[in-house]
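So that the names make sense, note that chain A is the first sequence line, chain B the second, and so on, each numbered from 1.
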Protein chains: 2
Amino acid sequence: MSPPLPRDPIADAQRNWESHGWSDVAAPMAAITAIMRTQQILLARIEGALRPFGLTFARYELLALLSFARSGALPMNKASALLQVHPTSVTNAVDRLQTAGLVVRSPHPTDGRTTLIELTAEGRTLAKRATAVLNAEVFGQSGFGDEDVNQLIRILGDFRRGAGDFTD
Amino acid sequence: MSPPLPRDPIADAQRNWESHGWSDVAAPMAAITAIMRTQQILLARIEGALRPFGLTFARYELLALLSFARSGALPMNKASALLQVHPTSVTNAVDRLQTAGLVVRSPHPTDGRTTLIELTAEGRTLAKRATAVLNAEVFGQSGFGDEDVNQLIRILGDFRRGAGDFTD
DNA sequence: GCAATATACTAGGACATCCAACGGTTTGGA
DNA sequence: TCCAAACCGTTGGATGTCCTAGTATATTGC
């Protein structure tokens with residue numbers, strides 16, 4: 001951990017934007033930059049909590065998604081759509097999870113094109129243990145106030161809907 | 001662009017958390033996951049706007065930072081601290097910017113350990129043009145309401161201060 | 001029924017990030 | 001004064017993401 005800076009670099013950037021005649025977009029610039037930095041901080045916390053399990057965030061998300069599917073199995077394209085990541089990223093994650101014995105690939109019974117990803121028993125127990133740690137160490141100590149959490153869910157939900165993630 | 005999902009996958013995840021007895025951390029989980037996804041969307045927009053200039057977001061941030069330094073030059077460790085990224089990331093970015101003729105490395109006049117990064121004339125003009133495009137295409141059309149922007153700046157500012165980014 | 005189109009996954013390359021480790025430089029305490 | 005500790009930037013290795021292209025399978029239209 002490097003020591004804290006004496007001043008908020010994003011607030012400084014916002015002031016720089018304003019003094020250069022870009023006042024109309026200075027605030028959105030600051031908000032977007034803050035989102036970038038916040039994501040970086042949160043990702044580091046999450047990956048730190050998952051490291052003892054040999055998981056990354058991408059692989060954990062896939063495990064968690066499978067653990068919520070009633071059958072414990074999903075087609076790869078479905079996983080790609082629900083996680084909002086590129087199909088190649090799913091392929092990469094499945095490769096490593098399969099090597100670790102946490103999931104297995106199996107052919108789709110009727111559609112020869114699609115591949116099913118299925119949780120193994122070890123995968124299911126590891127997902128449960130990893131979720132418990134994430135809940136305790138990250139989500140339970142997020143640093144956001146309760147009301148701020150609700151604001152974030154609403155603001156970012158509006159944004160994601162507007163960006164075409166979903167229609168609700 | 002894949003078509004929008006019929007339902008918000010993050011809201012579904014929040015419901016799954018609640019139905020599994022993790023109601024106390026379901027909301028922060030949803031907020032944090034939403035930040036992850038929002039960052040992904042915004043990063044894709046930014047990189048799309050910068051691609052015509054041959055810049056990535058990391059390289060643009062460095063160019064912009066240098067353009068605001070009065071002398072147009074900064075030590076690498078200073079840039080690393082202000083951008084909140086690892087020194088190796090700065091090394092990587094400087095390598096590519098220098099190859100593109102946008103910055104040059106120069107030795108520090110008094111401290112033999114440190115290297116100064118300095119904007120070239122082309123680097124300065126490219127930074128200005130790229131900023132204009134980012135302002136017009138990304139920051140000016142963020143999709144966040146004015147009041148939401150202010151909320152984000154405050155909420156994420158509080159979070160970053162609490163995470164040790166700065167003391168203000 | 002067969003060709004054309006669409007869909008699903010894989011392969012290889014480009015980038016960025018982090019970590020661990022390594023020489024070169026500076027600083028501060030013995 | 002001198003040597004150990006701290007600091008600075010770079011290198012190499014591992015991960016993850018995206019993109020383009022290619023291969024195999026399904027579906028559609030004539």
Side-chain angles (χ1 to χ4, degrees), chain A residues 1-3 36-37 39-51 53-63 74-100 103 105-117, chain B residues 1-3 36-37 39-48 50-51 53-63 74-81 83-100 103-118:
Chain A
M1 276 284 197
S2 37
M36 297 288 166
R37 175 59 187 153
Q39 187 266 355
Q40 195 177 20
I41 295 169
L42 290 170
L43 183 61
R45 289 187 190 174
I46 291 171
E47 303 250 300
L50 292 176
R51 188 157 304 128
F53 300 100
L55 291 175
T56 64
F57 186 46
R59 296 182 223 164
Y60 166 76
E61 277 193 302
L62 187 51
L63 277 190
L74 278 178
M76 293 194 63
N77 63 325
K78 197 89 174 168
S80 171
L82 291 174
L83 296 176
Q84 317 256 202
V85 296
H86 213 266
T88 54
S89 298
V90 177
T91 296
N92 184 311
V94 171
D95 284 350
R96 298 172 190 281
L97 288 172
Q98 188 164 23
T99 300
V103 306
R105 283 182 169 91
S106 61
H108 192 284
T110 65
D111 190 334
R113 296 173 298 182
T114 78
T115 302
L116 290 177
I117 325 165
Chain B
M1 273 290 192
S2 38
M36 297 287 166
R37 173 59 185 154
Q39 187 267 354
Q40 193 179 21
I41 295 169
L42 290 170
L43 183 61
R45 290 187 190 175
I46 291 171
E47 303 249 302
L50 292 177
R51 188 156 304 125
F53 300 100
L55 291 176
T56 63
F57 186 45
R59 296 180 223 167
Y60 167 77
E61 277 193 301
L62 187 51
L63 277 190
L74 278 178
M76 294 196 61
N77 64 331
K78 197 88 174 172
S80 171
L83 297 176
Q84 316 256 202
V85 296
H86 269 226
T88 52
S89 299
V90 177
T91 296
N92 185 312
V94 170
D95 283 349
R96 299 173 190 281
L97 289 173
Q98 189 164 23
T99 300
V103 306
V104 291
R105 283 182 169 91
S106 62
H108 191 284
T110 65
D111 190 334
R113 294 172 299 182
T114 78
T115 302
L116 290 177
I117 325 165
E118 194 174 354

Any donor-acceptor pair under 3.5 Å from B:T115 side chain to B:P107 backbone: no

Just how far, in rounded Å, is [atom2] of [N] from [atom1] of [X]?
X	N	atom1	atom2	value
A:D95	C:dG12	CG	C1'	14 Å
A:L62	D:dT17	CG	C1'	15 Å
B:R113	C:dC22	CZ	P	20 Å
A:F57	D:dT15	CZ	C1'	15 Å
B:L97	C:dC15	CG	P	12 Å
A:E47	C:dC18	CD	C1'	10 Å
A:N92	D:dA14	CG	C1'	11 Å
A:L74	C:dC9	CG	P	11 Å

Polar side chain donor-acceptor pair, B:H86 to B:T88, under 3.5 angstrom: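 No, because no side-chain N or O of B:H86 sits under 3.5 Å from a partner of the opposite role on B:T88.
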
Atom pair CD1/CE of A:I46 and B:M36 - distance to nearest 0.5 Å: 3.5 Å

Most 5' of A:R96 and B:M76 on DNA chain D, judged by nearest nucleotide: B:M76

Least distance between heavy atoms, B:A93 atom then B:L62 atom: CB-CD2, 4.1 Å

Atom of A:A79, atom of A:I117 and distance for their closest heavy-atom approach: CB-CD1, 4.3 Å

Nearest-nucleotide pick for B:H86, side chain only, options being D:dC8, D:dC19, C:dC19: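 In terms of side-chain proximity for B:H86, the closest of D:dC8, D:dC19, C:dC19 is C:dC19.
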
Is the phosphate of [N] approached by [X] (side-chain N or O, under 4.0 Å from OP1 or OP2)?
X	N	value
B:T56	C:dA16	yes
B:R105	D:dG9	no
A:T88	D:dC19	no
B:R59	C:dA16	yes
A:T91	C:dC9	no

Need one value for [X]: base, sugar-phosphate or nothing, where a base atom within 4.0 Å counts as base even if backbone is also close, heavy atoms only.
X	answer
A:Q40	sugar-phosphate
A:R51	nothing
B:T110	sugar-phosphate
A:N77	sugar-phosphate

Residue whose nearest DNA chain C nucleotide is more 5′ - A:P87 or B:S89: A:P87

